[in-house]
Visitor: 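Here it is, the structure in full.
Numbering of ligands and ligand atoms starts at 1, following listing order. Positions are given from 1 along the sequence.
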Amino acid sequence: MTSSSLQSSPWWRDAVIYQVYPRSFADGDGDGIGDLPGITARLPRLAELGVDAVWLSPFYPSPQNDAGYDVSDYRDVEPLFGTLADADRMIADAHELGLRVVVDIVPNHTSSEHEWFRAALAAGPGSRERARYLFRDGRGEAGELPPNNWVSVFGGRAWTRVTEADGSPGQWYLHLFDATQPDLDWGNPEVHAEFEDVLRFWLDRGVDGFRIDVAHSMVKEPGLPDWSEDDRPMQGTAEISETRRPPMWDQEGVHDIYRRWREVVDSYDGDRMLVAEAWVTPYERLARYTRPDELHQAFNFDHCVAAWLPEAQREVISTSLAGSEAVGAPTTWVLSNHDVVRHASRLGYPPATRGLGGIGPRDEQPDRGLGLRRARAATLLMLSLPGSAYLWQGEELGLPEHTTLPDEVRQDPAWLRTGGEQVGRDGCRVPIPWEADAPSYGFGPGAASWLPQPPEWADLARDRQEGVEGSTLETYRAALRLRREHGLGRGALHWLEEHCGPTSLGLRNGDVTVLVAFDEPLPLPAGSRVLLASGPLDADGTVPSDTTVWLRTP
Ligand code: GLC
């Protein structure tokens, strides 16, 4: 790339984007639930951290049955979180600080409180109102059986039967998630028009992009065929191929929607972008979402699930870079988010033994020290790679999962719908500790916090780490600065075979050499200068196990 094409290359290609979960980031009014004024007040801290953008999970009006992923009005702000004026202020302040703003759009389903769904219930079978959703007659003599055998991602069946206006048992509607999240029918042009208008509503307010919720689910196979018992795919596990395509995920028609959405965002100035949350594997199928006339990015969940082992890491990095390059898109690395166990805890188990699902008090507990050490090593590996990267709020503090939340405070519908069989995602969503000595660790002005914060979090509070050399916070900050200075996000990766083996990886990106010691220490190459290390090096300069170093080599 020439320097002029570097200049003109759009921001999102190498951006580090910080995910804010409005309920849990910062509480401005002290009700124990985070809000937009709280976020706005803390934006300078994110600018100081050195990220390029924030992505906010939904803050729209919602009964909050799935923490806001059940939207009842796409063009307003949930009163718990503030007002539209607060959203405008947040966007303006972020821009002033040089931060871009990405918001969430939830197009697969609405809340059952959305005016469209209320109208659908009132209007009855065959109506235009019902045609916006996937209502079907039941099977069985009296329609008493669900229309097919699909199950909800959150457990239980994916269909709920309604009672018609005259009190009789009626049709069923599809919900791939909670019963209060009815799926829209994307075969209906009215649905397309509505969402294009919603995109414009927020683009007009100045947002820089959208994260598309369950972007691989909107189109279903015609006829909604049964899906075999053994192969019922859950989000996160759907292996998709031409011969084995689940009827609810990754259907060809979704790509037409995104071609149209691309035209909408491209009609605005300022490099607005779209990123897919699509749990699709193998990587080539995911990369199809980022073809030149579709979305700009898709979260790389293969990277998120990859085991902390040299061969697994090398494989996922190489496959992702090649897969994205084939369509001319950047890769989009991610280690944690609001749906998966924080990587500081996930990596506290023997490699390849733990999936993404929640951890509860009755589960084997992770090794916290080891988990944090590996998490920092994994983060420095991620931030050394070409492409864009997403950070989940609190990972810059090294926060672990809250693994001992009492049952009675859990709110995740996955916990509720499976009767506790799935622990759910509450453990990664606990409010952020800002100040060690303040009530609620500075999350809000008082002690209230919608989920309890563990007492050990005092030591992880931001103010305890600020200015402390080697703290997780300062390590992230240094990594983001160096990544920018050395142009790592726009660089190219070369494996250093002499450092790649059963217990280590080595790579070069531009003028930076990156070495990762997995479960054995690694000697530093002679004459190298350490730019940054994910943990303390041994006195003789050896890189200890589970540590990543960034070096200048002669
Ligand atoms: C996405 C969200 C998740 C939500 C689900 C249903 O996976 O990330 O939090 O529960 O979609 O909207």
Visitor: For ligand 1, which atoms, with element, lie under 4.0 Å from some heavy atom of Asp66?
Guide: 4 (C), 5 (C), 6 (C), 10 (O), 12 (O)
Visitor: Heavy atoms only: give me the nearest Tyr289-Ala215 pair and the separation to one decimal.
Guide: CE2-O, 3.9 Å
Visitor: For Arg429, counting its heavy atoms only, list the atoms of ligand 1 lying under 4.0 Å from any of them.
Guide: 9 (O)
Visitor: Any heavy atom of His175 sitting closer than 4.0 Å to ligand 1?
Guide: no
Visitor: Answer with side chain, backbone, both or neither: which part of Phe299 has a heavy atom less than 4.0 angstrom from an atom of ligand 1?
Guide: neither
Visitor: Does Asp185 have any side-chain contact (heavy atoms from CB on, under 4.5 Å) partners at least two apart in sequence or in another chain, and if so, which?
Guide: Leu134
Visitor: Going by the rule side-chain contact (heavy atoms from CB on, under 4.5 Å), which residues pair with Val275 if we only count those two or more places apart in sequence or in a different chain?
Guide: Arg211, Met273, Gln297, Phe299, Tyr390
Visitor: About how many Å separate OH of Tyr74 and CG of Asp76, when rounded to the nearest 0.5 Å?
Guide: 13.5 Å
Visitor: Just to check, does Trp279 reach to within less than 4.0 Å of ligand 1 when the distance is taken from its heavy atoms?
Guide: no
Visitor: Please check whether Arg425 reaches ligand 1 - meaning an N/O of the residue sits under 3.5 Å from an N/O of the ligand, judged on distance alone.
Guide: yes
Visitor: Hey, does the Lys NZ or Arg CZ of Arg157 hover above the aromatic six-ring of Trp150, less than 6.0 Å from the centre and inside 45° of the axis?
Guide: no
Visitor: Can you classify the ring geometry of Phe135 versus Tyr173 as parallel (below 30°), tilted (30 to 60°) or perpendicular (above 60°)?
Guide: tilted
Visitor: Measuring from atom 11 (O) of ligand 1, which candidate in Val153, Asp178, Asp213 has the nearest non-hydrogen atom?
Guide: Asp213
Visitor: Number the atoms of ligand 1 from 1 as they appear, then name those within less than 4.0 Å of a heavy atom of His109, with their elements.
Guide: 6 (C), 12 (O)
